[in-house]
Amino acid sequence: MSRRYKQAQPRGQAELFPSRVEDYVDDDNPVRAIEAYINSLDMLKLGYANTSAKNTERGQPAYPPEALLKLYLYGYLNRVKSSRMLEKETKRNLEAIWLMEGLRPCYKTIANFRSKNKKALRKTHKEFILLCKSLSLFEGECIAIDGSFFKGCAGKHTYTTTSGLEKSIKKLDEHIDQWQKSLDKADKEDRNLSASDGTETLKEKLEQIEVLQKQKAAQEQELARLKSAGKTQESSTDPDARLLNKGTQKVSGYNVQIAVDSKHHIIVADNVTSDPNDLKQLHIMATEAKKVLNVESLSVVADGGYFNASEFYKCDKDNITPYVPEPSKRKNGRFNKEYFTYIDAQDIYLCPENNELKKSGKPRSQNNQNIQRYSASESSCKHCPLRSKCITEKSKSREIWRSEHEVLLEKHRVRMSASGDKMKLRKSLVEHPFGTLKDRAGWRHFLLRGRSKVEAEFSLMALGYNFSRVLKVIGLDELLSVLKGIASSRLYLKHSKLQYVKAIVAMRIIARIDSVAGWGLRSLRNTANMIVFHTARDSEYFHSLFTPPRLHSWHPFKTHPKFNPYISIDIIYPPTHGCTQGLH
Ligand code: SF4
């Protein structure tokens with residue numbers, strides 16, 4: 001007999017559920033990767049609160065920071081950000097119950113963990129980026145930079161602006177004047193001011209003036225405070241947030257900057273600013289990414305909002321090559337700067353009509369660079385046949401502004417014309433993380449107030465994004481094996497300064513051997529108390545050198561009595577072989 005719908009199970013029917021929470025979570029469930037990742041972290045070294053060895057003498061013991069971090073990472077991977085919602089998840093969601101091992105912190109504890117561990121959360125994300133690097137997930141040649149507005153925890157009506165205060169003070173002055181005048185008029189007319197004739201009494205008028213004067217004094221004080229702090233606006237709920245405008249977009253919040261590597265679209269660097277535009281962000285973001293990638297030179301692609309000669313100058317000094325399109329300033333089809341030729345020997349510009357534009361006035365500062373004005377003579381522009389294509393009807397002559405870094409800009413223009421598909425690459429690279437963060441994960445606004453807390457919150461968002469990227473790129477099994485390897489080596493070395501010193505000595509020995517044997521060592525570092533070295537040599541070379549029997553005979557820490565036998569070396573093969581292997 002055919003049935004139209006699936007049959008539901010009666011609620012009263014007895015059922016045997018698995019008796020262990022472990023049985024509800026599959027082996028390929030991503031929460032296992034979260035568990036392994038957080039267990040691989042050295043929470044004390046990262047600076048999390050409540051990680052010291054001391055026991056609580058009074059009150060209830062604290063919740064382990066590892067558990068709270070696991071809960072947050074789980075929440076940020078599953079669109080749950082609010083502490084109240086996370087508290088609910090610890091009671092009804094089997095994955096969260098498994099992850100928390102039955103711990104059920106209240107929402108206040110969960111919220112406090114995020115706001116009290118701002119620096120540690122930032123460090124955790126940086127540590128994850130280093131892990132990605134050790135797994136050869138970065139190309140390290142080209143990055144894309146972009147910024148996006150995220151709403152802050154401040155409504156648009158909460159802002160006080162200097163221009164608003166100035167207007168308000170002016171209005172108050174006018175009101176005070178009006179009241180003064182009405183008092184003077186009454187004085188002259190020698191009128192007996194009384195409430196019975198429908199006008200205010202003398203006492204009421206004086207009181208009104210006093211109130212207005214107090215309001216004015218308070219606003220003047222506020223204006224002076226804002227000006228001395230170098231601010232033009234401030235929100236009463238979040239003093240670090242800002243009203244940001246871009247085209248038709250108006251947001252009260254923060255400008256979030258990210259740098260994305262071209263290989264797997266992983267976020268390499270992030271920053272949260274209150275700057276309303278991206279003009280001063282190119283060098284900051286590019287140098288941060290270069291530092292993380294540990295490369296000699298780097299190409300950077302960004303949109304026209306980053307076009308700033310002084311930033312190009314700083315990038316040029318640090319071996320960073322920017323690819324930024326010049327925003328078009330040609331209005332109503334009139335000639336732009338490209339139509340004018342600069343004559344270096346005479347320090348003049350020649351216009352399309354071969355008339356000279358000479359230096360005029362003093363240089364002025366704009367976006368951290370000096371710019372100089374060059375003007376054509378009024379007489380030459382007055383009867384010029386190309387006038388309508390060059391200047392507006394009201395203008396008397398044409399002006400051109402030249403930056404002190406104009407030579408660099410000319411080189412930049414040549415580079416851009418030969419850049420090919422670089423700008424298409426930018427869109428595919430950097431729009432991906434913001435699209436994923438904002439539309440898939442729904443992270444368009446911050447819950448915390450103040451820049452340092454907002455930075456920590458964004459670190460969690462970026463960590464969530466990068467974590468899901470790595471899971472997708474290398475797979476759960478590979479990630480679990482790497483993370484478990486790190487965690488097991490960390491367990492032996494935890495909290496021992498002597499062992500740390502031994503690790504440093506060991507790293508020096510490896511570097512010395514490399515300089516003699518010529519392995520082509522790319523990076524060597526002590527991560528989570530494990531020595532990781534990344535080499536340019538092919539895997540066959542290392543297989544011949546480090547096959548298990550030879551590894552044991554060579555391994556200085558397992559054979560030499562002076563070294564702790566538990567210090568291990570992790571060899572990560574180059575990306576071309578797609579093989580990541582930990583040897584312990
Ligand atoms: S308007 Fe002036 S600057 Fe422009 S082309 Fe004519 S003469 Fe040259």
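Any value given below was found using the heavy atoms of this structure, including those in side chains, with hydrogens, waters and symmetry copies removed. Order of appearance sets the numbers: ligands from 1, and atoms from 1 within every ligand.
- Counting only distances under 2.8 Å, and ignoring water, the protein N, O or S atoms around atom 2 (Fe) of ligand 1 are Cys381 SG.
- Only one option out of Asn466, Leu41, Ile266 pairs with Phe128 in a side chain to side chain contact (heavy atoms under 4.5 Å, CB included); it is Asn466.
- Taking the side chain as every heavy atom from C-beta outward, Tyr465 and His265 approach each other to under 4.5 Å.
- In this pair, Tyr374 and Tyr349 present their aromatic rings perpendicular. The plane angle is above 60°, beyond the 30 to 60° band.
- One finds the OH atom of Tyr37 at 5.5 Å from the CG atom of Leu463 (value rounded to the nearest 0.5 Å).
- Ring geometry for Tyr76 versus Trp443: interplanar angle of 30 to 60°, hence tilted.
- In this structure a side-chain-to-backbone donor-acceptor pair under 3.5 Å is missing from Glu399 to Leu357.
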